[in-house]
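Inspection log for the structure reproduced underneath, given as structure tokens.
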Amino acid sequence: MAQLFAPKSAWKSGAAKTITFIVTKDCQLACKYCYLVGKNEKERMSWATAKAAIDYILMHEDFFKEESVIWDFIGGEPFLEIELIDKICDYLKTEMFRLNHHWFNSYRFSFSTNGINYDSPKVQNFIEKNHSHLSIGITIDGTPRKHDLNRVWKGSDEKGSYLDVVRNIPLWLSQFPEAGTKVTISSADIPYICESVLHLFSLGIHEVNINVVFENVWHNGDDEAFEKQLIDLADAIIDNGYYQDFTCSFFSELIGKPLDVERDNQNWCGAGRMLAIDAAGNFYPCTRFAAYSLRNKKPIIVGNIIDGIDTDKLRPFLTLDRKTQSTQECLECEIASGCAWCQGENYDAASTSTIFQRSMAICRMHKARVRANNYYWNKLYRKIELEADKCTKNTNCGLC
């Protein structure tokens, strides 16, 4: 499923070009909330396709003018194709150097992995070779109860993957101590939000990027249960001092405010400014417009490795902004800031084949989040004020 609430920080703060290789549509898991509805074992990228895509991109430097680039690898599970990925990354490095490309000194290789084969020799050799240019996130959903509710092995609705993932968390954190994980919330696992975030903190994960799916899976009462879990989590984080060293993306000072229609009119995501390549060599405005990501609509292909990018097909994506796709209710909403959308889900859920119809499936969930977020910051600031007041009255408190 598509996801709500972006990580608090990213390399180059979203200014880099993101180019995604869909190296495989296979995965060891069959997560119940996964938006990749068309995963399979057959569609794997060949080296010839990958090389042709790289050659096209690097030879059209004038079209790709961003100062930096994120070479992103997804599946399915990308590390199932670690040999291909290793070959791709070696070729990228040598070609960017040979061409004196402006990306040579400003690039990252990015991965989101289920973590199951993270400790394999081939993956570890790749990490050692490329560590200074790597961003790797391992997805772990929280407690065994929360994780195993959705993140089950392929071919079994009962066999959870928690133990297969958690064993690799210490190794991952030893290599990337500042790395964050990504947690996904759907209707069934709302009751486990608070305990799961605290569990992830206990594993040593300091940044928990926790996401609510965009798809219309929500039931009556989910928003109230969601708010209750977030308030419980706020109490735990503040009362136990976790806020000093840990972050959870559900709580942000930047959300829950009105937005100026003219000044704050950018599109939420980078669809059209990103580029995704599949095993057949087709180009997409992002991975959510590939066939295996869509339930109801046909894929939107904007070019291929033979003919290049079709700028006419890309142009509508470059005109997307908040105003062109939002209802008047959304534009005038008093808590609009932080209310996200996924361009691919907008397209897939729309009543026609337009990309300009914003889905509102998460409206109530955003409102619940804002209410809990206000509670969090009011409580935190009150605690800080009380501690500061206590400190000024006690010259021997030892805090100053």
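Values in this document were obtained by computation on a predicted structure and should not be read as measured data. Only heavy atoms go into these numbers, but all of them, side chains included; no hydrogens, no water, no symmetry mates.
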Over 12 foreign heavy atoms within 6.0 Å of CZ, Arg44: no
Leu84 reachable from Phe126 in the ILVMFWY side-chain graph, under 4.5 Å edges: yes
From Leu275 atom CG to Asp72 atom CG, the distance as rounded to the nearest 0.5 Å: 11.5 Å
Greater than 12 external heavy atoms within 6.0 Å of Glu67's CD: no
Gln229 side chain vs Pro191 backbone, donor-acceptor pair below 3.5 Å: yes
Glu83 atom CD: more than 12 heavy-atom contacts under 6.0 Å: no
No-hydrogen, no-angle side-chain donor-acceptor test under 3.5 Å, Gln328 and Glu332: yes
Contact summary for Ser161 and His147, nearest pair of heavy atoms: OG-NE2, 2.9 Å
Electrostatic pair Arg295-Asp348, nearest N-O below 4.0 angstrom: yes
Linked hydrophobic residues, Tyr375 as query - side chain contacts closer than 4.5 Å: Ile231
Tyr118 vs Gln124 side-chain heavy atoms within contact, under 4.5 Å: yes
Test item: side-chain donor near acceptor, Asn267 and Trp341, under 3.5 Å: yes
Gln266-Asp264 side chain donor-acceptor pair, cut-off 3.5 Å: no
Ring-ring centroid check Phe226 Trp218, cutoff 6.0 Å: no
Salt-bridge criterion met for Asp239 and Lys383 (N-O under 4.0 Å): no
Co-members of Leu80 in a cluster of I, L, V, M, F, W and Y side chains, linked at under 4.5 Å: none
Asp312 and Arg315 ion-paired at < 4.0 Å: yes
Ile54 side chain reached by Leu92 side chain, heavy atoms, under 4.5 Å: yes
Among Ile210, Thr143, Val208, the one residue meeting side-chain contact (heavy atoms from CB on, under 4.5 Å) with Leu200: Val208
From Ile185 atom CD1 to Leu230 atom CG, the distance as rounded to the nearest 0.5 Å: 9.0 Å
Same cluster (ILVMFWY, side-chain, under 4.5 Å), Trp153 and Leu163: yes
Phe64 ring center near His60 ring center (under 6.0 Å): no
Option from Lys42, Lys154, Lys39 for which side-chain hydrogen bond (donor to acceptor under 3.5 Å, both in side chains) with Asp26 holds: Lys154
Sole residue of Phe283, Tyr284, Phe317 in ring pair (Phe, Tyr, Trp, His ring centres under 6.0 Å) with Phe289: Phe317
Distance in Å, Arg145 CZ paired with Glu195 CD, rounded so as to fall on 0.5 Å steps: 4.0 Å
Side-chain donor-acceptor contact under 3.5 Å, Thr324 with Asp321: yes
Counterpart residues, salt bridge (Lys or Arg N to Asp or Glu O under 4.0 Å), relative to Lys228 (two or more places apart): Asp232
Thr287 and Asp278, any side-chain heavy atoms less than 4.5 Å apart: no
Side-chain donor-acceptor contact under 3.5 Å, Asn211 with Thr184: no
Transitive ILVMFWY side-chain link Val165 to Leu149, under 4.5 Å: no
Within-4.5 Å side-chain heavy-atom neighbours: Ile309 and Tyr56: yes
Test: Lys257 and Glu334 ion pair at under 4.0 Å: no
Asn150 and Asp141: side chain donor to acceptor below 3.5 Å: no
Distance under 6.0 Å and angle within 45° of ring axis: Lys25 vs Tyr292: yes
Sub-6.0 Å ring centroid separation between Phe111 and Phe109: no
Test item: Thr49 side-chain N/O and Met45 main-chain N/O as donor-acceptor pair under 3.5 Å: no
No-hydrogen, no-angle side-chain donor-acceptor test under 3.5 Å, Thr24 and Glu77: no
Side-chain touch Ile362/Cys339, heavy atoms, less than 4.5 angstrom: yes
Shortest non-hydrogen separation from Lys297 to Thr352 and the atoms involved: CE-O, 3.1 Å
Side chain to side chain donor-acceptor pair (under 3.5 Å) between Arg108 and Ser135, intermediate numbers included: CA-CA 7 Å; Arg108 285 291 184 277; Ser135 297; 4.6 Å; no
Member of Ile22, Ile88, Thr20 meeting the side-chain contact (heavy atoms from CB on, under 4.5 Å) criterion with Phe73: Ile88
Non-hydrogen side-chain atoms of Trp47 and Tyr91 separated by less than 4.5 Å: yes
Hphob cluster co-occupancy, Tyr347 + Met360, side-chain heavy atoms under 4.5 angstrom: no
Donor-acceptor pair between Glu178 and His206 side chains, under 3.5 angstrom: no
Minimum side-chain heavy-atom gap Ile140-Tyr162 below 4.5 Å: yes
Donor on one side chain, acceptor on other, Asn130 and Lys93, under 3.5 Å: yes
CZ/Arg167: more than 12 non-hydrogen atoms of other groups inside 6.0 Å: yes
Any donor-acceptor N or O pair under 3.5 Å, side chains Arg288, Ser293: no
Asn346 and Gln325 side chains, donor-acceptor separation under 3.5 Å: yes
Interatomic distance, Asp164 atom CG to Arg151 atom CZ [nearest 0.5 angstrom]: 11.5 Å
Greater than 12 external heavy atoms within 6.0 Å of Lys129's NZ: yes
